[in-house]
Protein chains: 2
Amino acid sequence: MIMSQSKKIRPTESELEILQVLWEHGPSTVRFVNDQLNEDREVGYTTTLKLMQIMAEKGLAERDTSQRTHIYSPAVTEAETQQNLLTQFVDRTFKGSAMKLVMQALGNHNASEAELDEIKALIEEIETEGRRKNK
Amino acid sequence: MIMSQSKKIRPTESELEILQVLWEHGPSTVRFVNDQLNEDREVGYTTTLKLMQIMAEKGLAERDTSQRTHIYSPAVTEAETQQNLLTQFVDRTFKGSAMKLVMQALGNHNASEAELDEIKALIEEIETEGRRKNK
DNA sequence: AGCTTTTTACGAAATACTTCGTAGACAAAG
DNA sequence: CTTTGTCTACGAAGTATTTCGTAAAAAGCT
């Protein structure tokens with residue numbers, strides 16, 4: 001199995017906001033990211049710049065500096081980042097019980113019929129998988 | 001509907017660790033909580049004391065100061081705290097989609113057959129509830 | 001060319017959170 | 001009574017994160 005990242009990906013809250021923009025829109029300039037963030041809340045341009053520079057240092061983002069205006073790309077995928085944050089969150093808040101988390105999330109959410117069906121399908125899949133592997 | 005807490009409950013990571021002890025063991029002294037924490041990692045006594053004092057100020061805990069050794073009790077329930085943290089986490093990490101979170105949590109399954117059955121039962125319940133309300 | 005705007009770099013202030021040292025009160029033990 | 005230990009209070013240092021001001025370089029404009 002290829003491990004593209006040996007270290008744990010742990011973006012801070014602000015870094016995560018920026019990653020969301022990069023994941024959604026792809027490679028972007030600081031200006032663009034800052035504009036996106038400012039649709040939700042006021043953030044100074046240099047604040048965003050600094051954060052993105054730090055993210056590049058940390059390896060959360062990569063940047064193309066061949067032009068005067070640098071282009072930043074996410075260096076981690078959304079799925080792996082979510083997985084890491086989720087694991088950490090479950091450990092902290094639900095003492096490691098992913099099931100408790102699922103129950104709580106399901107219980108308090110207005111899930112549509114379609115969504116519930118989706119989950120049921122997934123459960124089916126997991127169960128089948130389990131039997132096949134004789135787990 | 002009675003709102004026991006108008007403000008959002010947002011314990012920090014350290015505060016959450018302490019709350020876990022209080023939820024599990026009920027009203028406790030600083031000494032007891034500190035001993036519990038030290039089973040996992042080294043923490044100074046005054047560190048725990050300070051945190052618990054802050055928690056009392058913030059309203060996360062209550063304390064009985066009638067004796068020299070104060071007794072601290074949780075002032076928030078485990079369920080409501082988990083719910084608040086969960087909502088916040090889903091917003092941040094899954095852009096508000098609880099379903100994505102559930103799918104991801106389930107997908108990384110170490111779920112046992114029994115746990116999956118539990119979830120299926122919960123889904124059944126939600127679906128029945130939904131039909132009853134003709135939602 | 002001269003002025004304005006945009007961008008990066010740098011550093012430091014501001015904020016949030018965690019940790020601990022020290023002091024004083026009180027209690028327990030000898 | 002004196003010594004030793006435990007507890008609270010307080011403040012401040014340490015660390016992580018966020019925010020921004022300023023400067024210099026590059027680009028755009030008139």
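Values below: every heavy atom of this structure, side chains too, minus hydrogens, waters and symmetry copies. In what follows, chains carry the letters A, B, and so on, assigned in the order in which the sequence lines appear, proteins first and then strands, with residues in each chain numbered from 1.
If you check residues 43-55 of chain B against DNA chain D, the residues with a heavy atom closer than 4.0 Å are Tyr45(B), Thr46(B), Leu49(B), Lys50(B), Gln53(B), listed by number. Within residues 10-20 of chain A, the residues approaching DNA chain D are Thr12(A), Glu13(A), Ser14(A), by heavy-atom distance under 4.0 Å.
Between Arg31(A) and dT7(C), a side-chain N or O to OP1/OP2 separation shorter than 4.0 Å is present.
Spacing between atom CG of Leu37(B) and atom P of dT18(C) amounts to 12 Å, rounded to whole angstrom units. Rounded to an integer number of Å, the gap from Arg63(B) CZ to dT8(D) P is 8 Å. Following rounding to the nearest Å, Lys58(A) (NZ) and dA16(D) (P) show an atom-to-atom distance of 10 Å. Across the protein-nucleic acid pair, Glu42(A) atom CD and dC20(D) atom C1' stand 12 Å apart, rounded to whole Å. We find that NE2 of His70(B) is positioned 12 Å from C1' of dC26(C), with the value rounded to whole Å. dG11(D) atom C1' lies 13 Å from atom CD of Glu57(B), rounded to whole Å.
Using a cutoff of 4.0 Å between basic side-chain nitrogens and carboxylate oxygens, Lys58(A) and Glu15(A) are scored as salt-bridged.
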Q: Using the salt bridge (Lys or Arg N to Asp or Glu O under 4.0 Å) rule, take Arg63(A) and Glu57(A) through it: C-alpha gap first, then chi angles, then the decisive distance, then the call.
A: CA-CA 10 Å; Arg63(A) 62 176 176 174; Glu57(A) 276 177 27; over 6 Å; no
Q: Take Lys100(A) and Glu78(B) through the test salt bridge (Lys or Arg N to Asp or Glu O under 4.0 Å) and record every step on the way to the result.
A: CA-CA 12 Å; Lys100(A) 276 188 195 146; Glu78(B) 183 168 18; 5.9 Å; no
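Applying the side chain to side chain contact (heavy atoms under 4.5 Å, CB included) test between Val33(A) and each of Leu51(A), Leu49(A), Val21(A) identifies Val21(A) as the sole match.
Residue-to-nucleotide contacts include a donor-acceptor pair under 3.5 Å from the side chain of Arg68(B) to the base of dT6(D).
Neither Val43(B) nor Ile54(B) shares a network with the other; the hydrophobic side chains, linked directly or stepwise wherever heavy atoms of I, L, V, M, F, W or Y lie under 4.5 Å apart, form separate groups for each.
Counting heavy atoms from C-beta on, the side chains of Gln88(B) and Arg10(B) come closer than 4.5 Å. Residues Leu101(A) and Leu86(B) have side chains in contact (heavy-atom distance under 4.5 Å, counting atoms from C-beta outward). Side-chain atoms of Asn38(B) and Thr48(B), non-hydrogen and from C-beta on, never get closer than 4.5 Å to each other.
A perpendicular orientation is assigned to the rings of His25(B) and Phe32(B), their planes being inclined by more than 60° (bins at 30° and 60°).
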